[in-house]
Amino acid sequence: MTSPTRNFSLRNVNSSKPQLARTESRQSIAASDDYYSFSDRAASSSPDSQVTVRRFRTPDSRPSSNASSPTMAQGQPTAEELGSHRPQTASTVRFGEDRVTHMRPESEATSSDETARRVPSDYAGPAPTPGLDDSPYVRFAIDQLTQDRSGGVTRHDSLSTTTTGDYPTDRMVWDEGLGYFTRTRTPLRHDTPPVRPSYTSPSPQALPQPPMSVEPESFEAVDVPEQSLLYPALDYLPIVLRPWALVLAIFTSLLMVAGVVFCNVWSQRHDGIWNYAGQGGARYFVLQFLPQILAAPIIMWLFVIQAAVYRIAPFSMMSAERQKGLVMQGLPILSKNFVFPNFSHFRNGEPLFGFALFTIWLSNFFAIPLLSCLFQAKYYVIAGEGVWRWASVQSIGWTLVALYGVLTIGLVLLFLRFLRSRSGLMWDPVSIADLISIIQRSNILHDFELSETVPSVRESLDPRVLRLGYWKLSSKPEVFYGIGEVDAPIRTPSLHQTEKNRQKQPQGLARVNFDVENQTGFSKDPDNHLYSPTIRYRWTPWFLRKFSVSIFTVIILALFIAFVAVSFIHNGIEGGFPPKLPTLPSTSAFSSSNFLYSFIPALIGNVLFLVWQPIDVYFRALQPFAELSSPSGASADNSILLAYPSAFPFQVTIKALINRHYKVAFISFMSMISLAIPILAGGVFIALWFPSQDDIRISALMPAFYALIAFCALYAVSFLAIWPGRRRYLPHDITTLADLMSFIYQSPLLSDKILREPRSKTDLVTRLIVAPPSERQLPQYGFGVYIGRDGKEHFGIDRFSRPGRTDMLITTGSMK
């Protein structure tokens with residue numbers, strides 16, 4: 001039996017949320033236990049008003065209970081129902097053409113408990129899928145609205161429904177007001193066969209099919225056509241890792257091998273290399289200082305290569321999909337291969353990178369100490385006449401050949417690694433802004449929830465196999481670039497919405513508010529929330545903590561004072577001192593005393609040089625955060641665009657001076673000139689015969705010794721300059737990609753129009769250093785408490801000021 005008027009319409013249906021609209025109806029319709037349409041106006045205006053219902057020819061999916069109202073045979077209305085002609089309101093259920101972001105009553109009289117919850121429109125949703133039959137979803141939606149909770153009668157006081165056993169549906173889970181929902185699979189349970197009522201079977205065409213399960217949109221990896229202007233090739237390499245640069249580094253290593261081999265062979269065949277002309281002079285300089293000086297540029301260049309490998313290794317591994325799931329939180333992006341070797345690449349499934357870095361560490365640690373004792377003076381009898389000549393120590397020479405040979409192998413493997421695989425990068429990711437452009441549409445950002453204040457981000461994340469490259473959503477043809485998990489849901493749909501839909505989102509006057517009790521997800525302990533100084537100033541590298549810096553400064557100054565005192569009291573160095581070891585060279589020109597007083601001082605000086613390198617690395621890396629922690633924020637070129645860790649030697653010093661980062665400039669300068677300490681220490685001492693004392697004593701070349709004292713003094717005093725200020729203390733480490741991402745995973749910068757999908761580094765820099773058309777001044781950026789994309793307070797990086805919101809809360813004060 002059909003109703004006189006059918007006051008409902010079914011429109012385009014997709015995997016969407018129902019929208020409830022109210023229309024006026026002046027007719028009384030017969031009651032039915034199959035489908036009910038309630039009048040909110042009647043229910044809300046009078047407590048004893050009748051509820052008008054109408055009947056549709058829809059079979060019930062469950063047997064009616066005893067509590068249900070009786071129905072007339074063949075669906076005939078009762079006399080009371082036919083006599084009821086009071087004005088009533090009927091409800092119309094519509095299914096929008098897209099995902100509906102909130103339920104809006106259209107009736108002016110509907111309010112209070114009937115008013116649906118408003119949710120910000122954060123996600124525009126997918127377009128209707130072409131060719132997909134929407135009728136199952138229509139049937140599914142009708143059943144959801146008409147089924148009863150207790151035996152077949154729909155309750156009048158709620159629009160919520162339960163899922164019948166007929167359809168394998170997905171449960172809609174709201175996300176705390178973000179404006180979208182995810183679908184979680186609801187397992188089907190059939191403990192007993194469902195009992196169905198008997199009714200006249202409709203025609204086969206009228207039987208609806210169970211709706212197919214609607215899977216959430218997922219990331220799908222795509223290969224973009226080559227030579228596309230819209231999609232650049234993902235094969236960028238830093239200059240120092242390009243084939244020609246690596247070939248140049250390999251060539252210099254081979255030159256060192258060839259030079260050492262030549263000296264060994266020539267010295268053995270020609271009874272030495274040069275006649276000994278005494279301490280000092282050109283020959284002394286060439287054989288005692290020049291080898292270390294030649295090795296110094298190679299060491300500095302290897303530092304640059306090493307930094308580039310650390311910087312792009314995680315991206316390269318994600319691009320090649322060769323990882324063990326911890327590449328994001330297990331691989332450092334800052335160099336750690338100085339005093340001690342770092343084996344993190346071996347542990348994370350990239351032995352080639354690990355071997356190359358280990359060979360670099362071997363060369364940097366032992367090259368200068370070995371070169372400082374390569375040549376020794378030996379007594380030869382030539383044509384019946386004895387003469388002292390400079391000779392090459394065979395054992396040390398062949399050790400150096402092996403050392404530089406291994407380094408050459410490591411560089412060749414590095415060359416082959418980047419020659420046969422792409423990096424996955426559009427440009428060099430050297431700054432915070434570069435990282436934002438890579439992760440702004442990622443589907444793994446949900447993993448970082450509340451990670452900005454944890455002591456260790458690595459321990460808070462689950463292993464994931466990630467990919468860096470081009471992607472598309474399963475229901476959209478649009479291609480985008482970034483880091484993601486293959487075949488995983490979007491999880492953050494708002495990062496993929498269009499500008500048109502983003503403008504529709506209501507902009508509330510969100511503000512930063514210190515309220516410990518309302519810090520969702522944080523402890524109510526005052527020392528464990530976003531505003532706690534304990535968390536804000538929890539971390540800095542152990543060697544930059546105040547206690548460590550104090551201890552190191554005292555030790556270095558004490559050692560320097562003792563070194564100077566021992567050197568000059570009683571004329572200890574200038575008058576020479578006993579070697580305490582055999583001095584006469586062997587047949588291979590090896591002298592125990594000369595080796596000891598050349599190798600050990602050079603090794604100690606080299607350790608001092610290498611100890612300074614991590615200090616330099618972390619001061620470079622922490623400088624953007626120090627600028628972002630300024631009370632009024634910082635400009636982009638002085639903060640999120642800073643790229644000190646990737647700069648070349650001396651380039652850092654010049655850039656830092658221009659930017660007025662004097663502490664970084666000085667520390668970077670010291671990291672280079674401190675290399676003079678092992679160079680001088682390795683050649684300043686030599687065993688000589690002192691006729692006045694009729695003894696062999698260790699003597700020093702005094703001009704070189706005075707220069708060594710000057711560099712040691714500067715080195716010791718420099719520890720006073722590394723005292724860390726408050727701005728260089730952070731909630732946790734910044735060594736890995738995950739550490740940095742924890743500070744921006746909820747930042748509105750991820751969807752900022754300025755940073756949206758740049759196609760080149762020039763494009764990115766231009767957007768950040770030029771004021772947007774709608775703004776008169778350049779934006780300032782800060783590091784503090786801000787309102788995230790989820791409407792909650794977070795700690796990290798964002799614009800210092802945003803329209804409609806109070807300024808970011810930065811608590812570091814004015815000290816640096």
Side-chain angles (χ1 to χ4, degrees), residues 296-297 299-301 303-304 306-307 334-336 338-339 364 430-431 540-561 605-630 634-635 637-639 641-681 707-730 734 812 814-816:
I299 291 176
M300 301 304 294
W301 192 248
F303 280 164
V304 177
Q306 175 178 278
L334 299 177
S335 295
K336 288 180 169 292
F338 298 111
V339 180
N364 293 342
V430 297
S431 65
T540 197
W542 68 269
F543 48 83
L544 292 184
R545 294 172 186 169
K546 295 179 180 179
F547 178 78
S548 301
V549 172
S550 302
I551 295 297
F552 289 157
T553 303
V554 171
I555 292 175
I556 292 295
L557 290 175
L559 290 176
F560 172 72
I561 294 173
N606 202 45
V607 170
L608 294 177
F609 163 70
L610 294 175
V611 162
W612 195 263
Q613 302 310 309
I615 298 175
D616 178 37
V617 167
Y618 272 93
F619 262 88
R620 295 191 200 183
L622 289 170
Q623 188 58 38
F625 293 92
E627 288 296 318
L628 290 168
S629 298
S630 299
S635 60
D637 57 341
N638 254 359
S639 56
L641 283 177
L642 280 182
Y644 288 148
S646 64
F648 297 151
F650 293 104
Q651 183 185 16
V652 179
T653 303
I654 297 174
K655 282 187 173 182
L657 287 174
I658 294 174
N659 294 329
R660 297 183 179 181
H661 300 152
Y662 301 117
K663 184 174 288 190
V664 174
F666 175 75
I667 292 174
S668 178
F669 179 71
M670 278 301 304
S671 71
M672 293 176 290
I673 67 170
S674 60
L675 187 55
I677 297 177
I679 293 175
L680 293 171
L708 177 62
I709 291 178
F711 280 108
C712 288
L714 182 61
Y715 182 89
V717 173
S718 297
F719 274 86
L720 299 175
I722 67 173
W723 188 266
R726 299 179 70 202
R727 298 186 187 180
R728 288 182 173 85
Y729 277 84
L730 303 175
I734 56 169
T812 48
S814 59
M815 292 190 301
K816 290 189 178 181

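Position 1 is the first residue of the sequence, and the numbers go up from there.
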**Request:** In sequence, state the C-alpha distance, the side-chain angles, and the governing distance for Ser335 and Phe303, and then conclude on side chain to side chain contact (heavy atoms under 4.5 Å, CB included).
**Result:** CA-CA 8 Å; Ser335 295; Phe303 280 164; over 6 Å; no
**Asked** Rounded to the nearest 0.5 Å, what separation is found between the CD1 atom of Ile615 and the OG atom of Ser668?
**Response** 12.5 Å
**Item:** Gap separating the CG atom of Asn364 from the CD atom of Gln306, nearest 0.5 angstrom
**Value:** 6.5 Å
**Prompt:** Taking atom CH2 of Trp612 and atom CZ of Phe338, what is their separation to the nearest 0.5 Å?
**Reply:** 13.5 Å
**Donor-acceptor contact below 3.5 Å, side chain Arg545 vs main chain Thr540** = yes
**Asked** Is the closest side-chain donor-acceptor distance between Arg727 and Ser630 under 3.5 Å?
**Response** yes
**Message:** I'd like to check Ser718 versus Ile667 (side-chain heavy atoms, cut-off strictly below 4.5 Å). Are they in contact?
**Reply:** no
**Prompt:** Is a side-chain donor or acceptor of Ser548 paired with a backbone partner of Leu544 at a separation under 3.5 angstrom?
**Reply:** no
**Message:** Quick one, Met300 with Phe648, criterion side chain to side chain contact (heavy atoms under 4.5 Å, CB included). Give me CA distance, side-chain angles, the key distance, then yes/no.
**Reply:** CA-CA 9 Å; Met300 301 304 294; Phe648 297 151; over 6 Å; no
**Request:** Carefully, step by step, assess Ile709 and Phe560 under the rule side chain to side chain contact (heavy atoms under 4.5 Å, CB included).
**Result:** CA-CA 8 Å; Ile709 291 178; Phe560 172 72; 4.1 Å; yes
**Complete:** What one should report as the nearest heavy-atom pair of Ser674 and Ser671 is OG-O, 3.5 Å
**Request:** Begin with the C-alpha distance, continue with both residues' side-chain angles, and end with the deciding distance and a verdict on side chain to side chain contact (heavy atoms under 4.5 Å, CB included) for Val664 and Asn659.
**Result:** CA-CA 10 Å; Val664 174; Asn659 294 329; over 6 Å; no
**Item:** Pairwise distance CG(Leu628) to CG(Leu730) - rounded to 0.5 angstrom
**Value:** 10.0 Å
**Message:** Once rounded to the nearest 0.5 Å, what's the spacing between atom CG of Leu675 and atom CZ of Phe711?
**Reply:** 10.0 Å
**Item:** Heavy-atom closest pair, residues Ala643 and Val430
**Value:** CB-CG2, 3.3 Å
**Message:** Please verify the inter-ring angle class for Tyr644 with His661; under 30° counts as parallel, over 60° as perpendicular, anything in between as tilted.
**Reply:** perpendicular
**Request:** Could you pull out the closest heavy-atom pair between Asp637 and Ser635, with the gap in Å?
**Result:** OD1-OG, 2.6 Å
**Message:** Working to the nearest 0.5 angstrom, can you tell me the gap between Ile673 CD1 and Thr653 OG1?
**Reply:** 9.5 Å
**Item:** Given Ile556, Ile551, Val549, Ile555, the one that forms side-chain contact (heavy atoms from CB on, under 4.5 Å) with Thr553
**Value:** Val549
**Message:** Does atom CZ (Phe719) have a neighbourhood of more than 12 heavy atoms from anything else shown, all under 6.0 Å?
**Reply:** yes
**Request:** Search all heavy atoms of Gln623 against all heavy atoms of Leu642 and return the closest pair with its distance.
**Result:** CG-CD1, 4.0 Å
**Message:** Using every non-hydrogen atom in the two residues, find where Leu608 and Tyr715 come nearest and quote the distance to one decimal.
**Reply:** O-OH, 2.6 Å
**Fill in**
Residues Asn606 and Pro678: closest non-hydrogen pair is N-CB, 3.5 Å
**Asked** Just by distance, do the side chain of Gln613 and the backbone of Phe609 share a donor-acceptor pair under 3.5 Å?
**Response** yes
